[in-house]
Amino acid sequence: MQYPLLDLAPITRHLRAVASSRLLIAAVHHLPVFECLAKGPLSIEGLRHQLGLQQRPAMVLFPALCAMGLLAFDSEHKLLITPLGKYLLVSSSPNLTGYVGLEKNDAGVLEMVERLKNDGPLDVNIGLSYVKEGNTASPMDDPQSARFFTLALAGRAQYLSPLVAAKLPGKTHLLDVAGGTGYYSYEWLLANPTARATVFDRTAVLEVAKELLDSFSRSGRPGAQSVKARVAFQPGDMLTDELPKTDLLLAASLFHDWPESTCRRLAKRFAEAIHPGGELCVHDAFLNDSLDGPLAVTDYSAMLFLHTKGRAYSRKEYAAWLKEAGLEVKEQYVPTLMEYGLISASKAYTGE
Ligand SMILES: C[S@@+](CC[C@H](N)C(=O)[O-])C[C@H]1O[C@@H](n2cnc3c(N)ncnc32)[C@H](O)[C@@H]1O
């Protein structure tokens with residue numbers, strides 16, 4: 001790779017923008033967001049109730065409309081329509097509602113509307129990408145689709161992992177939960193030549209990770225050959241199985257696949273797996289604490305909403321779960337690239 005790295009964010013921004021276009025059309029033509037607010041500002045909860053939306057779709061839609069400059073928060077943290085957003089009211093003359101409605105019956109828009117209204121697909125037995133929960137069949141357990149979804153993330157992980165590895169602390173053992181390709185572990189082991197790592201994921205995903213480790217070891221990069229013997233692959237269910245104890249736990253692009261209640265549960269499970277003095281690092285893209293952007297992340301959140309059980313969260317939301325799990329959250333935010341960054345939290349020594 002060439003250094004300094006070129007930020008690939010423009011590519012993912014364009015990719016994700018389609019999901020937020022669908023949010024915009026849905027908000028104007030299928031959920032009367034602007035008409036509801038025409039009577040005056042409403043709290044998030046107030047607007048959510050008027051629209052009949054559950055929490056997750058509301059927290060995908062409202063921040064996105066703020067990031068687009070169409071809604072904003074007033075001094076009482078109520079949502080209002082901005083001067084730009086007023087052009088999406090049928091009572092405004094002129095307005096762009098007709099123009100925005102050209103694609104209102106597009107299949108992708110209708111799918112977004114269904115998922116917004118229902119907080120996910122109508123058929124709850126549809127296997128969602130990157131998610132394995134309970135007895136519902138998951139594409140991550142089917143060899144063919146697990147390979148497809150895992151390899152789809154390989155380029156991003158391969159590109160970001162040297163940067164992430166350089167910013168992670170040096171410890172003796174890394175637990176890469178839901179590690180996918182395992183690239184974050186391989187790069188971290190290259191940077192920490194005596195450390196070990198465990199990649200924890202579903203069996204079918206780990207089959208792909210093992211092949212990628214083989215190529216990584218044979219890449220000819222100095223030290224790469226020594227990495228293979230220091231990696232363990234552990235198949236399992238991170239929601240129910242006991243996790244190996246570790247002094248550094250990485251949760252890369254993981255929490256955003258899950259609803260808030262599961263994120264809380266995961267934070268607790270991860271905190272339990274960390275030795276006193278150890279650290280938990282989250283590599284992800286974060287909403288502003290004010291929940292009104294940035295646009296690149298609200299676009300991403302719309303895409304995550306369509307394909308997983310999650311959405312993008314703010315650093316404040318992560319901090320609350322990690323604190324609740326007994327960890328000490330660090331103030332520092334370490335940006336990487338492609339809108340991602342690292343936040344971390346440590347587990348206090350017990351003094352034993
Ligand atoms: C979005 S991918 C992230 C992969 C990797 N951390 C990365 O950043 O490239 C989420 C991963 O979570 C794994 N996963 C989902 N549900 C799981 C579960 N219940 N137990 C273990 N792994 C799970 C998936 O198989 C997938 O590899």
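All ligand and atom numbering here is 1-based and tracks the order in the structure.
Closest heavy-atom approach to atom 8 (O) of ligand 1 within the set Gly310, Gly179, Ala252: this belongs to Ala252. Nearest-heavy-atom check against atom 27 (O) of ligand 1 across Thr308, Asp176, Asp201 picks out Asp201.
Of all protein heavy atoms, the one closest to atom 4 (C) of ligand 1 is Ala178 O, 3.3 Å. In terms of protein heavy-atom proximity, atom 7 (C) of ligand 1 is closest to Tyr184 CE1, 3.8 Å. Among all non-hydrogen protein atoms, the one lying nearest atom 3 (C) of ligand 1 is Ser253 O, 3.6 Å. For atom 15 (C) of ligand 1, the nearest protein heavy atom (residue, atom name, distance) is Tyr130 O, 3.1 Å. With respect to atom 10 (C) of ligand 1, the closest heavy atom belonging to the protein is Asp257 OD2, 3.5 Å.
Proximity of Trp258 to ligand 1, defined as any heavy-atom pair under 4.0 Å, is confined to the side chain (atoms from C-beta onward). Contacts between Asp237 and ligand 1 below 4.0 angstrom, taking non-hydrogen atoms only, involve backbone and side chain alike. Contacts between Met238 and ligand 1 below 4.0 angstrom, taking non-hydrogen atoms only, involve backbone and side chain alike.
The structure places CZ of Arg56 at 9.0 Å from NZ of Lys309, a figure rounded to the nearest 0.5 Å.
In this structure, Tyr183 and Tyr186 have perpendicular ring planes: the angle between them is above 60°, well past the 30° mark. Between His283 and Tyr184, the two ring planes are tilted [angle within 30° to 60°].
Cation-pi geometry between Arg311 and Phe305 is not met at under 6.0 angstrom from the ring centre and within 45 degrees of the axis.
Each of the atoms 20 (N), 21 (C) of ligand 1 lies under 4.0 Å from some heavy atom of Gly236.
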